[in-house]
J.: 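Structure below; questions to follow.
Since this is a predicted model, take the numbers as computed values, not measurements.
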Amino acid sequence: MKNLFIRQSSLLAILLLANLGSYGQKAIESETRFAEVEGRKLAYRSIGKGTPIIFVNRFRGTLDTWDPLFLDKMAENFNVITFEYTGIGSSTGTLPTDIAIVAKDIKDLSQALKLKKFIVLGWSYGGLVAQAATLMYPDLITHSIFIGTGPPGKNEVPVEKAFLDAALKPINNFDDEVVLFFEPKSEASVAAAKASHDRIAKRIDVSKIPSTMEVFNLYFKGGAGFREDKSNFREQLKTTKTPILIICGDHDISFAVENWYPFTRQLTNAQMITFMQSGHGPQHQYPELSAKYITDFINLTKK
C-alpha cells in the first residue's frame, strides 16, 4: 500500500510539474501545434494560463513575427494563443479575400480548442479581422484590442508611400522594419526597434513569411472590401456592447491614427491610447507598457 501511495504521489507530481512547465513556458520555446478545422489545418501556439486571448496577425505576419517579450508579458495574466491564417505560414488552404471569412478562422480555432469565451487582439490587417470577429461573434468575444489598425469604411488619410515601398519587398531587413513599424526620426524608437528585432530574430523562419504579390493581393482584396464595408461594420461598431481598446502610434504610416478621430466620439464602448514618437507597432516599441495597459483595461471593464 505504501509503495502504491508513493507511485501515485510521484505520478501526480510529474503531472503537476508538466502543467506548470506549460504555463510558465516562454514564447521563444512554445511548441507549434495544429488544429483540424473543416478540412484545413491552422498552425497555432499557446502559452500562459487564465482567460484565453487570441492574437490576430498583421499583413505578412506569422507565428514568429510577434515580439516574444510582448507575448511573455501578456502570458503572465492570460492564456496567449497565436495562430496563422488559413493559407499563411504553416496553415493549409488559401487566404480568403473576404475579411468576414478570414474572421471565421478565429471562431473555428476557438471551437477546436474548446474555448467558451475569449478576448481578441488584432494588429494591423489583423485589427480588421478582429473587428469583423467582434461584430460577428459577440457571444464568444468578451473584449477586443485593436492595435495599429483603422476603422471600417472609407478613411481620409491614406497609406503612405514609404509603407508600400518597404512592405512589398520579398524579404525585409532591419531598416525596413524601422520604417514599417517604428518612428525613424526618433532615436528612442530606433533603439526599441533594434531590441525588438533581436528578440524576434532568436526564433524566426523567414521562409514561412509570405513573399509574393500573389499572396499580397489576397490581403489587399480583403482590405479593399473592409473599406467598401458592405456589411455595414462601421455603424455596428458604434453600438457594440463589447469593450474595445484601441492602441496606436502617433505616426503610423499604414493605418494613420487620425482616421479614428472623426469616429471616436461616435463609439459608445471604446477607449484609445496613442503612443508618441511611435509607429505601426507600438506594442513592439513598448511591450511591457502595452501589456500593462491591456491587462488593466480587461480587468477594469466588464461586458
Side-chain angles (χ1 to χ4, degrees), residues 35-44 52-62 81-89 91-113 115-155 159 210 214-246 254-255 259-260 263 266-270 303:
E36 297 273 357
V37 292
E38 298 185 355
R40 65 195 192 284
K41 292 182 179 180
L42 295 179
Y44 75 96
I53 179 166
I54 297 179
F55 280 46
V56 195
N57 222 330
R58 62 170 174 86
F59 170 63
R60 301 183 67 184
T62 67
I81 300 165
T82 55
F83 78 100
E84 292 171 334
Y85 301 117
T86 295
I88 300 300
S91 294
T92 62
T94 301
L95 181 70
T97 56
D98 184 334
I99 290 290
I101 298 177
V102 180
K104 190 172 179 293
D105 276 352
I106 299 173
K107 179 179 76 71
D108 290 348
L109 179 63
S110 73
Q111 290 180 337
L113 300 181
L115 307 180
K116 295 181 179 179
K117 298 277 187 179
F118 57 90
I119 299 157
V120 69
L121 182 152
W123 175 24
S124 186
Y125 170 90
L128 311 184
V129 179
Q131 289 176 65
T134 298
L135 299 172
M136 292 167 60
Y137 310 117
D139 294 336
L140 297 176
I141 296 173
T142 64
H143 297 76
S144 297
I145 318 298
F146 306 145
I147 301 176
T149 193
K154 182 180 178 181
N155 294 301
V159 174
E214 180 182 6
V215 180
F216 296 170
N217 283 327
L218 300 177
Y219 285 102
F220 292 153
K221 287 177 182 177
F226 196 76
R227 289 190 297 274
E228 189 176 0
D229 196 23
K230 288 184 177 179
S231 299
N232 203 28
F233 284 152
R234 192 175 183 96
E235 288 301 312
Q236 293 181 53
L237 202 62
K238 295 176 183 178
T239 57
T240 180
K241 297 284 193 283
T242 304
I244 294 170
L245 178 63
I246 302 161
S254 177
F255 288 98
N259 285 326
W260 284 104
F263 193 44
Q266 302 174 58
L267 297 175
T268 58
N269 210 24
K303 185 175 177 181

J.: If I take atom CD1 from residue Ile141 and atom CD1 from residue Ile244, how far apart are they, to the nearest 0.5 angstrom?
T.: 10.0 Å

J.: Can you find a pair of side-chain heavy atoms, one from Arg227 and one from Lys154, that are under 4.5 Å apart?
T.: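 Sidechains of Lys154 and Arg227: no contact.
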
J.: As an exercise, state the distance from CG of Leu121 to CD1 of Ile147, rounded to the nearest 0.5 Å.
T.: 4.0 Å

J.: Can you confirm whether Pro210 sits close enough to Thr62 that some side-chain heavy atom of one is under 4.5 Å from a side-chain heavy atom of the other?
T.: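 Answer yes - side chains close enough.
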
J.: How long is the straight-line distance from CG of Leu218 back to CG of Asp98, given to the nearest 0.5 Å?
T.: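 Rounded to the nearest 0.5 Å, the CG-CG separation comes out at 12.5 Å.
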
J.: Keeping Ser91 on the side-chain end and Ala43 on the backbone end, is there a donor-acceptor pair under 3.5 Å?
T.: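 The answer is yes, because a donor-acceptor pair under 3.5 Å joins these two groups.
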
J.: Does Arg60 count as lying over the ring of Tyr219, i.e. NZ or CZ under 6.0 Å from the six-ring centre, within 45 degrees of the axis?
T.: no

J.: Looking at Lys221, I want to see if its NZ is surrounded by more than 12 non-hydrogen atoms of other residues, nucleotides or ligands under 6.0 Å.
T.: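 12 or below, so no.
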
J.: If you measure from CD on Glu214 to CG on Leu95, what distance do you get to the nearest 0.5 Å?
T.: 11.5 Å

J.: So which atom in Ile81 and which in Pro52 form the shortest heavy-atom distance, rounded to 0.1 Å?
T.: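 Minimum heavy-atom separation between Ile81 and Pro52: CD1-CB, 4.2 Å.
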
J.: Measure across Arg58 and Ser124 and return the closest heavy-atom pair with its distance rounded to 0.1 Å.
T.: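 Arg58 and Ser124 have their closest heavy atoms at CB-CB, 3.7 Å.
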
J.: Evaluate the side-chain proximity of Thr86 to Leu42: yes if any heavy-atom separation is below 4.5 Å, no if none is.
T.: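 Yes - at least one pair of side-chain heavy atoms lies under 4.5 Å apart.
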
J.: Without swapping roles, check the side chain of Thr94 against the backbone of Gly87 for a donor-acceptor pair under 3.5 Å.
T.: no

J.: Looking at every non-hydrogen atom in both residues, tell me the closest pair between Lys116 and Leu140 and how far apart they are.
T.: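 Of all heavy-atom pairs spanning Lys116 and Leu140, the closest is O-CD2, 3.6 Å.
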
J.: So, for Tyr85 and Tyr125, is the gap between ring centers shorter than 6.0 Å?
T.: yes

J.: If every non-hydrogen atom of Leu128 is compared with every non-hydrogen atom of Gly150, which pair is closest and at what distance?
T.: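 That closest heavy-atom pairing would be CD2-O, 3.6 Å.
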
J.: Going by heavy atoms in the side chains, are Leu267 and Trp260 under 4.5 Å from each other?
T.: yes

J.: For the pair Arg234 (side chain) and Pro152 (backbone), establish whether a donor and an acceptor sit closer than 3.5 Å, ignoring hydrogens and angles.
T.: yes

J.: Check Lys241 against Asn269 and note the closest heavy-atom contact, atom names and distance.
T.: O-ND2, 2.6 Å

J.: Quick one, Phe55 and Trp123 - any side-chain contact, counting heavy atoms below 4.5 Å?
T.: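 Side chain of Phe55 against side chain of Trp123, heavy atoms only: no contact under 4.5 Å found.
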
J.: Taking the side chain as everything from C-beta on, heavy atoms only, tell me whether Leu109 gets closer than 4.5 Å to Val37.
T.: no

J.: Apply side chain to side chain contact (heavy atoms under 4.5 Å, CB included) to the pair Leu135 and Thr240, showing each step before the final yes or no.
T.: CA-CA 7 Å; Leu135 299 172; Thr240 180; 4.0 Å; yes

J.: Can you tell me if Lys107 has over 12 outside heavy atoms packed within less than 6.0 Å of its NZ?
T.: yes

J.: With heavy-atom distances below 4.5 Å as the criterion, would you say the side chains of Phe118 and Ile53 are in contact?
T.: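 The answer is no; the side chains never approach within 4.5 Å.
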
J.: Hey, are the side chains of Ile88 and Val215 touching, using non-hydrogen atoms and a 4.5 Å cut-off?
T.: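 Counting from C-beta outward, Ile88 and Val215 do come under 4.5 Å.
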
J.: Locate the shortest heavy-atom distance separating Leu237 from Phe146; write the atom from each residue and the value.
T.: CD1-CE1, 4.5 Å

J.: Can you list the steps and then say if Arg40 with Asp105 is a salt bridge (Lys or Arg N to Asp or Glu O under 4.0 Å)?
T.: CA-CA 10 Å; Arg40 65 195 192 284; Asp105 276 352; 2.8 Å; yes

J.: Would a distance-only check, ignoring hydrogens and angles, find a side-chain to backbone donor-acceptor pair under 3.5 Å from Gln131 to Gly127?
T.: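 Such a contact is found between Gln131 side chain and Gly127 backbone.
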
J.: Asn259 side chain to Phe255 main-chain N or O, any donor-acceptor pair under 3.5 Å?
T.: no

J.: Output yes when a side-chain donor or acceptor of Ser231 lies under 3.5 Å from a complementary backbone atom of Phe233, and no otherwise.
T.: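 Flag not set: sc Ser231 to bb Phe233 has no pair under 3.5 Å.
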
